[in-house]
Amino acid sequence: MKLLVTGGAGFIGSHTSLLLLEEGYDLVIYDSFHNSSKKVFKRFEKILGCDETYLTKRIKVIEGDIRDRNLLEEVFNYYSSSGDSITAVLHFAGLKSVSESVIKPIDYWDVNLLGTKNLIEVMAKYECYKLVFSSSATVYGSTSSSKITEDHNINPQNPYGHTKAAVEDFLTDLYNSNDKWSFAILRYFNPVGAHSSGQIGEDPFGVPNNLFPFISQVAIGRLEKLLVFGNDWPTTDGTGIRDYIHVIDLAQGHISALEKLLENNNQIVKLNLGSGKGHSVLDVIKTFSKVTGVDIPYEISNRRSGDTGQNVADPSLSKKTLGWETKRTLFEMCRDSWNWQTKNPNGYN
Ligand code: NAD
Ligand code: WQD
């Protein structure tokens, strides 16, 4: 079965693509490489123990922008006219930085919303009606709930979150308009970690914004110290609590969601992908130091604008709907991030 994976070279897309290949799916990966490297596919060969000839039979890589409607059409048309139509799409491609979205809202609306509209129009033309969409827990905005369920208010607080919520609405409208569409809208909490081989992982350009890549770069000596954004939150130790999810657990969640869409037509599910466990910034620092044996220098600083104290999923609906739950612990998330970082101190370069 042939699947289209947009953004399949990125952090979450690459881990999911690898698992999809292992499950026997053949892939068309469509990525602009705006925030990823083509080198990731060489790493697939190493992990799978195969050569380039085998891999090119299983994956076709297309460099393109999801806003390029002509190219998307060419791709769908090529597979449909060769009798090997694309059955479903996993749509990871998009821009994902909250802070950048505040400065460049036009780019975020253009890529995240108009890019998705483009993709949907081409899918409809080629009668491909199943899509797994990368949404985010950011759509919930600030919350006072100890664990967030899917029926929580949608109230995003920044342009990035607005675009994710808008795409959710768009897909819901499509589902209501025509009984051919099926969607799995997956709201990720905090994806971290890397494949246990250390061959693929998160490779942010420039100084990272997120906690895990930042700590890894402090531990390896590329950055001097971590700033902890506030110790006056109403949490157990005063630092921010998040629901970190190992990227391999997350990738497995996508396989379960895809299988659900393939089982039956005309469904829409909106699901939290998280562990249901909260860890504070100090918990992460402590576990990271224990795993690596390296001291993580840190300093308490002011709260970061737009942050919330606690953000933890109630993942029970995902378990009930998909039979999926996370398996990997914070220790494994730190271990695998560190393994990736030490094997690739400069990422894919
Ligand atoms: P990533 O930046 O590593 O991957 C996104 C991929 O999309 C990259 O390979 C990038 O080159 C590609 N891309 C960007 N713009 C494109 C365009 N116009 N056309 C084609 N390709 C384009 O990000 P990720 O962490 O793997 O995130 C994947 C998806 O999950 C994104 O939609 C993101 O918003 C969402 N998400 C991520 C997180 C997170 O913390 N990482 C959390 C919630 C949701
Ligand atoms: C985690 C905790 C920080 C960095 C972001 C996006 C969200 C989603 C996931 C895409 C918080 C603290 C961080 C640092 C720190 N992405 N921290 N020092 O903000 O929960 O979520 O990524 O959809 O939309 O907002 O993740 O890793 O940035 O922060 O103290 O240098 O670590 O305050 O408590 P966040 P994060």
Side-chain angles (χ1 to χ4, degrees), residues 3-22 25-68 71-72 75 89-97 99-100 104 107-108 111-112 115 134 160 188 191-217 219-223 246-248 250-251 254 333 336-349:
L3 304 173
L4 177 72
V5 185
T6 75
F11 172 44
I12 303 166
S14 60
H15 288 80
T16 307
S17 294
L18 181 74
L19 264 57
L20 287 166
L21 287 170
E22 287 173 335
Y25 295 101
D26 288 339
L27 309 180
V28 180
I29 291 185
Y30 189 98
D31 201 303
S32 64
F33 299 100
H34 169 82
N35 195 34
S36 51
S37 166
K38 288 178 191 154
K39 292 185 181 150
V40 74
F41 304 112
K42 274 280 156 219
R43 305 296 183 90
F44 280 15
E45 288 171 26
K46 286 197 176 159
I47 298 171
L48 296 170
C50 67
D51 60 12
E52 197 178 336
T53 321
Y54 172 81
L55 200 68
T56 46
K57 278 189 203 138
R58 303 282 317 280
I59 313 184
K60 172 82 181 152
V61 178
I62 293 159
E63 181 166 358
D65 196 296
I66 42 165
R67 293 166 294 178
D68 183 347
L71 184 60
L72 272 176
V75 173
V89 177
L90 293 102
H91 180 33
F92 296 97
L95 301 178
K96 66 162 181 177
S97 158
S99 54
E100 187 186 55
K104 298 180 172 174
D107 289 356
Y108 275 70
V111 172
N112 292 359
S134 301
Y160 167 69
Y188 315 157
V192 298
H195 190 267
S196 60
S197 62
Q199 291 293 336
I200 59 174
E202 186 171 13
D203 184 16
F205 288 146
V207 177
N209 291 312
N210 297 115
L211 183 63
F212 262 73
F214 203 103
I215 289 195
S216 301
Q217 294 196 12
I220 206 154
R222 252 167 88 174
L223 296 170
H246 195 295
V247 64
I248 296 295
L250 185 62
H254 286 74
M333 298 179 215
D336 294 341
S337 293
W338 184 236
N339 186 34
W340 155 253
Q341 181 71 62
T342 47
K343 285 192 170 137
N344 307 274
N346 297 310
Y348 289 107
N349 293 307

query = Can you check whether Asp68 reaches Tyr30 side chain to side chain, under 4.5 Å on heavy atoms?
reply = yes
Inset, instruction - Side-chain contact test, heavy atoms from C-beta onward, threshold under 4.5 Å: evaluate it for Lys96 versus Asn112 and give yes or no. - result: no
- Task: May I ask you to test the Arg58-Leu48 pair for a side-chain heavy-atom distance under 4.5 Å?
- Result: no
Rounding to 0.5 Å, atoms CG (Leu95) and OH (Tyr108) come to a distance of 4.5 Å
Nearest heavy-atom approach of Tyr188 to Ser134 is OH-OG, 2.6 Å
When rounded to the nearest 0.5 Å, the distance separating CG of Leu4 from NE2 of His91 is 9.5 Å
Minimal heavy-atom distance between Asn349 and Lys39, with the atoms involved, is OD1-NZ, 3.5 Å
d(Lys343 NZ, Ser197 OG) to nearest 0.5 Å is 6.5 Å
To the nearest 0.5 Å, atom CG of Leu3 lies from atom CD1 of Ile59 at 11.5 Å
Rounded to the nearest 0.5 angstrom, the CG-NE2 distance for Leu20 and His254 is 9.0 Å
Report the C-alpha distance between Ile248 and Leu19 in whole Å, list the side-chain angles of each, state the deciding distance to 0.1 Å, and finish with yes or no for side-chain contact (heavy atoms from CB on, under 4.5 Å).
-> CA-CA 8 Å; Ile248 296 295; Leu19 264 57; 4.2 Å; yes
On a heavy-atom basis, the closest approach of Ala194 and Ile200 is CB-O, 3.4 Å
- What's the verdict on side-chain contact (heavy atoms from CB on, under 4.5 Å) for His246 and Asp336, showing C-alpha distance, side-chain angles and the deciding distance? CA-CA 9 Å; His246 195 295; Asp336 294 341; 2.8 Å; yes
> Is any side-chain heavy atom of Asp203 less than 4.5 Å from a side-chain heavy atom of Val40?
Replying inline: no
> Which of parallel (below 30°), tilted (30 to 60°) and perpendicular (above 60°) describes Phe41 and Phe33?
Replying inline: perpendicular
With the side chain counted from C-beta on, respond yes when Asn209 and Phe214 share a heavy-atom pair under 4.5 Å apart, and no when they do not. no
ask   = Have Tyr160 and Ser97 got a donor and an acceptor in their side chains that come within less than 3.5 Å?
value = no
Shortest non-hydrogen pair, Trp340 vs Gln199, comes out as CZ3-O, 3.4 Å
Measure from the side-chain N and O atoms of Asn35 to the backbone N and O of Gly10, and report whether any donor-acceptor pair falls under 3.5 Å. no
- Output, in order, the C-alpha distance, side-chain angles, deciding distance and verdict of side-chain contact (heavy atoms from CB on, under 4.5 Å) for Val247 and His195. CA-CA 8 Å; Val247 64; His195 190 267; over 6 Å; no
Nearest heavy-atom approach of Ala9 to Ser37 is CB-O, 4.3 Å
Counting distance only, does the side-chain N/O of Ser14 pair as donor-acceptor with the main-chain N or O of Gly8 below 3.5 Å? no
### Query
So do the side chains of Gln217 and Pro208 get within less than 4.5 Å of each other, counting heavy atoms only?
yes
_For a 4.5 angstrom cut-off between non-hydrogen side-chain atoms, does Pro191 reach Phe212?_
no
NZ (Lys60) and CG (Leu27) are apart, to the nearest 0.5 Å, by 13.5 Å
| query | Around atom CD of Glu22, are there more than 12 heavy atoms of other residues, nucleotides or ligands at under 6.0 Å? | reply | yes
Exercise for review: Mind running side-chain contact (heavy atoms from CB on, under 4.5 Å) on Lys57 and Asp26 for me, showing each step along the way?
Suggested key: CA-CA 8 Å; Lys57 278 189 203 138; Asp26 288 339; over 6 Å; no
Between Pro345 and Ile220, the two heavy atoms sitting closest are CB-CD1, 4.0 Å
inquiry  = Could you tell me if the side chain of Tyr348 sits less than 4.5 Å from the side chain of Lys38, heavy atoms only?
reply    = no
